[in-house]
Every structure is written in structure tokens, then in C-alpha cells.
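All of these numbers come straight from a predicted model, not from anything done at the bench.
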Amino acid sequence: MKILVLSDSHSALQFMRQCVESVKPDAIIHLGDFFDDGVVIHEENPDIPFYQVPGNCDRFRCPSWQPETLVQPVFGVNLFMTHGHRQNVKMGLGALLKDARASRVDAVLYGHTHQADCRQEPDGLWILNPGSCGYGGGTAGLIQVKNRKIVSCRILRDEDL
């Protein structure tokens, strides 16, 4: 199963659409900035499970009740999804990793920095920041799940699509 992870789209719908068409994901996650971009992608792909959190630019772009963090199993893998601004990820990942580990997840997904990052910690926790759909040619994340385990996690660039 393929999970496409998008963040910091800032109205870059064309790159997002290109990712969906190329990857043909089994689920899509949007980590904010701009929330309404995620709504459009979900409306265009209503049969694909979709998960979304707002970013720091989304105060007036989403319902006020929308949670800023989701801890959700997707295809049997527990994911911690957040934009990252509340955990001050531009200053470091300490608070984010503490929250993720307390939630006992397999992977933590965040955005906000526009810096793509994908790696696995020694304790097995995957860390994925898909970068930005809207800047620098665009990047996204791809998580592959098999038998309720993450078997690969990587960054997708425009040239990979």
C-alpha cells in the first residue's frame, strides 16, 4: 500500500495532481499550508482515503474544530501527523519526537520547514518531512506499507514523477 504525503502546498495544485496521477496512492495525507489545497485534492479523488491537518497559514482556511495533530492508524501503521509549527520544528525536532514517541507511533510526519527529510531513528521510528509541494520544484513523501509495517519511506522530487 502506498501513502502519498504532501505538505506546504501553498496553492501548488499542479504538483499535487501530478503526484497523485504518477504514484496512484492508496491513501493521501496533507500536512497543511494551504488546507484548502488538500480539500481540492480530496474532492478530486473521493475514493482515496484522505487525512489532513492544518498548518500555521490555515487559521481561516479550515474549520475551527479541525485538530492540529492526528494520531491515526493507516493500513495498520500508526502515524503521528502534524504541521510542526506547534512543536517549533524550525528550532529542532525534540518536542516533535517526544510527542510522537509518547503516542507510540511507527512514523512521525511533519512539514513547516519546507526542508525534505526522511530517515529512521535507531529505535525504529520513521521521521518524514515531505518538504514543500509549492517551492523549489516541489517534493513529496512516499511511504510503502506491507503487512502492517513500513517497508520503505522516501522523498519524491519532480524528476521522480
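Under the 3.5 Å distance criterion, the side-chain polar atoms of Asp33 are matched with a main-chain donor or acceptor of Cys57. Between the side chain of Ser7 and the main chain of Ser132, no donor-acceptor pair closer than 3.5 Å is present. Of the possible polar contacts, none joining the Ser9 side chain to the Gly134 backbone as a donor-acceptor pair under 3.5 Å is found. Not a single donor-acceptor pair under 3.5 Å links the side chain of Ser11 to the backbone N or O of Asp37. A side-chain donor-acceptor contact under 3.5 Å links Thr113 to the backbone of Gln115. In this structure a side-chain-to-backbone donor-acceptor pair under 3.5 Å is missing from His114 to Gly131. No donor-acceptor pair under 3.5 Å is formed between the side chain of Asp106 and the backbone N or O of Lys149. Put simply, the side chain of Gln66 gets close to the backbone of Gln52: a donor and an acceptor are under 3.5 Å apart. The closest donor-acceptor contact from the side chain of Asp123 to the backbone of Leu125 lies under 3.5 Å. A donor-acceptor pair is defined here as one N or O able to donate and one able to accept, closer than 3.5 Å; such a pair exists between the side chain of Asp58 and the backbone of Phe35.
Considering only heavy atoms from C-beta on, Gln87 comes within 4.5 Å of Thr69 through its side chain. When side chains are defined from C-beta on, Val145 does not count as touching Asp26, because their heavy atoms never get closer than 4.5 Å.
Annotation: the span from Ile41 atom CD1 to Leu6 atom CG amounts to 7.5 Å, rounded to 0.5 Å. Between the NE2 atom in His112 and the NZ atom in Lys90 there is a gap of 4.0 Å [rounded to 0.5 Å]. Atom NE2 of residue His42 and atom NE2 of residue His30 lie 13.0 Å apart, to the nearest 0.5 angstrom. Interatomic distance, Phe80 CZ to Leu97 CG, rounded to the nearest 0.5 Å: 9.5 Å. The distance from atom CD1 of Ile28 to atom CD1 of Ile3, rounded to the nearest 0.5 Å, is 11.0 Å. Atom-to-atom distance recorded for Thr139:OG1 and Arg154:CZ is 12.5 Å, nearest 0.5 angstrom.
Cluster membership check: Val5 shares its hydrophobic cluster with Tyr51, using side-chain heavy-atom separations under 4.5 Å among Ile, Leu, Val, Met, Phe, Trp and Tyr. Note on Leu70 and Ile48: separate hydrophobic clusters, where clusters join Ile, Leu, Val, Met, Phe, Trp and Tyr whose side-chain heavy atoms are under 4.5 Å apart, directly or indirectly. Ile155 and Val23 are assigned to two separate hydrophobic clusters, defined by single-linkage of ILVMFWY side chains at heavy-atom distances under 4.5 Å. Residues Val74 and Val71 are members of separate hydrophobic clusters, defined by side-chain heavy-atom contacts under 4.5 angstrom among Ile, Leu, Val, Met, Phe, Trp and Tyr. Put simply, Tyr110 and Val77 are part of two different groups of oily side chains (I, L, V, M, F, W, Y) that touch within less than 4.5 Å, one to the next.
For Arg148, the CZ atom sits in a loose shell: 12 or fewer heavy atoms of surrounding residues, nucleotides or ligands are nearer than 6.0 Å.
When all heavy atoms are compared, the tightest approach of Gly124 to Gln120 is O-NE2, 3.0 Å. Residues Leu161 and Cys19 share a closest heavy-atom pair of CD1-SG, 3.7 Å. For the pair Ile143 and Cys153, the tightest heavy-atom approach, listed with the atom from each and the gap, is CG1-SG, 4.0 Å. Closest heavy-atom contact between Ile150 and Ala107: CD1-CB, 3.7 Å. In plain terms, the two heavy atoms of Leu31 and Pro130 that are nearest each other are CD1-CD, 4.0 Å.
For the side chain to side chain donor-acceptor pair (under 3.5 Å) with Asn56, the qualifying choice from His85, His83, Arg86 is His83, the only one to do so.
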Derivation and outcome, side-chain contact (heavy atoms from CB on, under 4.5 Å), residues Glu121 and Arg101: CA-CA 11 Å; Glu121 293 285 285; Arg101 286 188 171 107; 3.4 Å; yes
Go through Leu79 and Ile29 one step at a time and tell me if the side-chain contact (heavy atoms from CB on, under 4.5 Å) criterion holds. CA-CA 10 Å; Leu79 303 177; Ile29 296 170; 3.7 Å; yes
Could you check Val53 against Leu109 for side-chain contact (heavy atoms from CB on, under 4.5 Å), going step by step and ending with a plain yes or no? CA-CA 11 Å; Val53 292; Leu109 315 178; over 6 Å; no
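The aromatic rings of His10 and Phe34 stand perpendicular to each other, their planes meeting at an angle above 60°, with 30° marking the opposite boundary.
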